[in-house]
Amino acid sequence: MLDINFLRNNLKEIQSNLHKRGFDFDVEAFKKLDSERRNLQVETESLQEKSNILAKEVAQEKNQTTKNQKLKDAKKISTDLKEIKTKLDIALIDLNNFLLGIPNILSEDVPEGKSEDDNKVIYKKGTIPEFSFKIRDHQEIGELSNGINFEESVIIAKSRFVVLRKEIAKLHRALSQYMLDTHVENGYEEIYVPYLVNKNSLEGTGQLPKFEEDLFKISNEEMYLIPTAEVPLSNIYRNKILNSDELPINYVAHTPCFRSEAGSYGKDTKGIIRQHQFDKVELVKFVHPEDSEAELDKLTKDAESILNNLNLPYRKVILCSGDTGFASSKTFDLEVWFPSQKTYREISSCSNFRDFQSRRMKIRIKQSKDNILCHTINGSGLAIGRTLAAILENNQTEQGSVIIPEVLVDYMGGIKELNLSR
RNA sequence: GGAGAGAUGGCAGAGUGGUCGAAUGCGCUCGCUUGGAAAGCGGGUAAGGGGGCAACUCCUUCAAGGGUUCGAAUCCCUUUCUCUCCGCCA
């Protein structure tokens with residue numbers, strides 16, 4: 001959510017900034033909602049004041065006749081007040097819903113563009129492997145020894161879920177352990193969180209009210225399965241005031257993520273790239289506004305370090321205006337190389353939300369005069385399923401085995417190579 | 001799941017219809033004191049919003065939502081959460 005005062009004073013600038021996203025900010029509609037609200041609020045508050053004064057006078061009035069007269073006046077005001085209050089409530093809700101639907105303002109350095117095709121590559125790292133044989137995609141590799149099974153997951157659940165077995169399941173576990181350990185070494189506190197969250201939390205991070213169709217909702221309660229650990233991690237401090245000396249706060253959590261993504265059928269139907277359930281190690285920072293740009297770079301580097309250590313070829317991309325997420329002011333994507341697709345695919349998305357989320361969550365920093373909103377930053381470090389798939393594809397051999405990256409060997413109980421073709 | 005008790009400021013905790021945005025203590029902070037510190041003494045210290053160039057002023061908030069009343073932290077209803085006991089369970 002944007003600062004309403006900032007909005008009032010910078011209407012044109014904000015309109016053109018949001019236009020870069022392809023968002024049409026209706027200035028006239030906003031002005032109308034805001035002035036309606038203001039008129040009603042001024043009127044309500046002055047009536048309330050009268051009512052408060054009269055109520056005090058009634059209490060102190062000794063003369064029975066004047067007291068009765070005042071009681072009569074007070075009753076009249078009370079009725080009027082009730083009426084105008086309902087109008088004000090409606091105006092406030094309308095204005096608030098309008099504000100909740102406005103995306104975040106983009107940073108100046110976000111390149112303009114319409115879709116992901118306009119994202120700008122910042123750099124590429126690692127060497128793209130050359131294969132002298134006909135390569136398999138990660139699904140084929142996994143199926144060699146029944147390490148990846150989609151028939152069983154359909155029986156258990158439905159399509160877009162997966163069952164992993166044996167060394168592949170172990171590799172999946174090894175990856176999350178390795179990532180957690182690495183981030184803890186780099187100064188993040190490991191957190192375990194609920195996988196079901198309430199509506200307020202999802203509103204706080206921006207998934208609701210706009211993107212309900214992407215979520216799985218529990219039918220017997222007002223609860224949702226988390227689409228990312230960003231939601232529980234960020235909401236830890238909802239409605240809290242932080243001391244500036246405890247910042248930055250760095251959290252890491254490993255959770256499953258659940259995404260309904262109703263509109264995405266037909267995309268990435270093969271393999272484990274796009275699933276209703278996947279695991280992810282997530283990084284979240286609460287920072288002072290002055291530090292948020294630098295902290296986004298730090299967090300992105302921390303996510304990159306995993307790719308570097310796993311020797312996976314990747315590139316760093318800055319999302320263009322049209323592709324940057326609703327709540328984000330600036331996003332770097334890390335994209336890993338998939339030999340079977342001959343392309344880079346997103347494996348981490350690192351965003352600076354500035355005060356957009358903290359305004360919704362009311363996370364503030366204690367300051368002598370006025371408290372200020374903190375900034376939130378988060379990013380994947382990394383998506384486990386996609387990392388697993390990338391390792392299978394990039395590290396495959398002609399014999400149908402997969403070389404385990406050195407940093408994972410200990411986590412794999414000493415296994416250096418998966419012999420899948422047996 | 002059943003029975004009971006409760007939810008008040010950063011924390012602890014008083015307050016059961018008007019004098020309450022809320023005693024008191026702790027914490028924090030400023031000043032005095034001191035060679036310096038501690039102790040002591042004195043002052044300040046909730047959040048959000050409206051109006052005003054400003055000094056300032058007004059409104060809201062005692063878990064959340066609704067109700068009664070001229071007036072609600074206080075009375076009534078609903079929901080959520082916490083604690084104790086019983087049951088169940090990993």
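Atoms considered below: every heavy atom in the structure, side chains included; atoms not considered: hydrogens, waters and symmetry mates. In what follows, chains carry the letters A, B, and so on, assigned in the order in which the sequence lines appear, proteins first and then strands, with residues in each chain numbered from 1.
Within 4.0 Å of A:N52, counting heavy atoms only, lie sugar-phosphate atoms of the nucleic acid but no base atom. A:V42 comes within 4.0 angstrom of the backbone, heavy atoms only, and of no base. Contact annotation for A:K67: no contact, since no heavy-atom pair falls under 4.0 Å across all strands. Note on A:L71: a base of the nucleic acid sits closer than 4.0 angstrom, heavy atoms only. Backbone-only contact: A:A74 has heavy atoms under 4.0 Å from sugar-phosphate atoms and none from a base.
Ion pair A:E212/A:K199 not flagged as a salt bridge, since none of the NZ, NE, NH1 or NH2 atoms sits closer than 4.0 Å to an Asp/Glu carboxylate oxygen. With salt bridges taken as basic N to acidic carboxylate O contacts below 4.0 Å, one links A:R165 and A:E152. The existence of a salt bridge linking A:R37 and A:D34 is confirmed by a sub-4.0 Å separation between a basic side-chain nitrogen and an acidic carboxylate oxygen. Remark: A:K76 engages A:D80 in a salt bridge, criterion side-chain N to carboxylate O under 4.0 Å. Between A:K330 and A:E108 there is no salt bridge, since none of the side-chain N atoms of the basic residue sits less than 4.0 Å from a carboxylate O of the acidic one.
As rounded to the nearest Å, B:G52 and B:G40 have C1' atoms that lie 44 Å from one another. Rounded to whole Å, the separation between the P atoms of B:G25 and B:A46 comes to 16 Å. For the P atoms, the distance linking B:U74 with B:U19 amounts to 14 Å, nearest Å. Separation of the C1' atoms belonging to B:G2 and B:G87 is 8 Å when rounded to the nearest angstrom. A distance of about 28 Å separates the C1' atoms of B:C83 and B:A47, rounded to the whole Å. Here the separation of B:G18 from B:C75, taken at their P atoms, is 12 Å to the nearest Å. When the C1' atom is used for both B:A72 and B:C62, the distance is 11 Å, rounded to whole Å. With both ends at atom P, the span from B:A63 to B:A14 equals 14 Å, rounded to whole Å.
B:A37 is unpaired under the Watson-Crick or G-U wobble criterion, no partner having all donor-acceptor distances under 3.5 Å. The nucleotide B:U45 finds its pairing partner in B:G27, both defining distances of the Watson-Crick or G-U wobble pair being shorter than 3.5 Å. In this structure B:C62 sits in no base pair that meets the Watson-Crick or G-U test at under 3.5 Å. Judged by Watson-Crick or G-U wobble contacts below 3.5 Å, the nucleotide B:U82 has B:A5 as its partner. The partner of B:U69, taking Watson-Crick or G-U wobble pairs whose two distances both stay under 3.5 Å, does not exist in any strand shown. Of all nucleotides present, none satisfies the Watson-Crick or G-U wobble test against B:A54 with each distance under 3.5 Å. Using N1 to N3 plus N6-O4 or O6-N4 for Watson-Crick, or N1-O2 and O6-N3 for G-U wobble, each under 3.5 Å, B:C89 pairs with nothing.
As rounded to whole Å, 16 Å separates atom C1' of B:A46 from atom CG of A:L242. Rounded to a whole Å, the NZ atom of A:K72 is 19 Å from the C1' atom of B:U69. Nucleotide B:G49 holds its P atom 10 Å from the CE atom of A:M1, rounded to whole Å. Whole-Å rounding puts the A:I4 CD1 to B:G50 P distance at 8 Å. Atom P of nucleotide B:U79 and atom CG of A:N198 are separated by 18 Å, given to the nearest angstrom. Between the CG atom of A:L40 and the C1' atom of B:G51 there is a distance of 16 Å, rounded to whole Å. Per the geometry, NZ belonging to A:K240 stands 13 Å off C1' belonging to B:C11, to the nearest Å. Regarding A:R359, its CZ atom lies at a distance of 13 Å from the C1' atom of B:G48, rounded to whole Å.
Of the residues near RNA chain B, A:R37 and A:K85, the one whose nearest nucleotide (by heavy atom distance) lies more toward the 5' end is A:R37. In terms of position on RNA chain B, the residue among A:A55 and A:S46 whose nearest nucleotide sits closer to the 5' end is A:A55.
Contact check, A:Q41 against B:C59: no side-chain N or O comes under 4.0 Å of OP1 or OP2. Using a 4.0 Å cut-off, no side-chain N or O of A:K50 falls inside it from OP1 or OP2 of B:C59. Contact annotation: A:K75 side-chain N/O to B:C70 OP1/OP2 distance is under 4.0 Å.
Take A:R364 and apply the salt bridge (charged side-chain N to carboxylate O under 4.0 Å, His left out) test, not counting sequence neighbours, and it matches no residue.
The shortest distance between side-chain heavy atoms of A:F278 and A:I272 does not fall below 4.5 Å. Residues A:I156 and A:F161 form no side-chain contact, since every pair of their non-hydrogen atoms from C-beta on lies 4.5 Å or further apart.
Side-chain atoms of A:Q48 lie closest to B:U60 of the nucleotides B:U60, B:C58, B:G18. Nearest nucleotide to the A:S78 side chain, out of B:C58, B:G18, B:G71: B:G71. In the set B:U68, B:C58, B:G50, B:G50 carries the atom at the smallest distance from any side-chain atom of A:R38.
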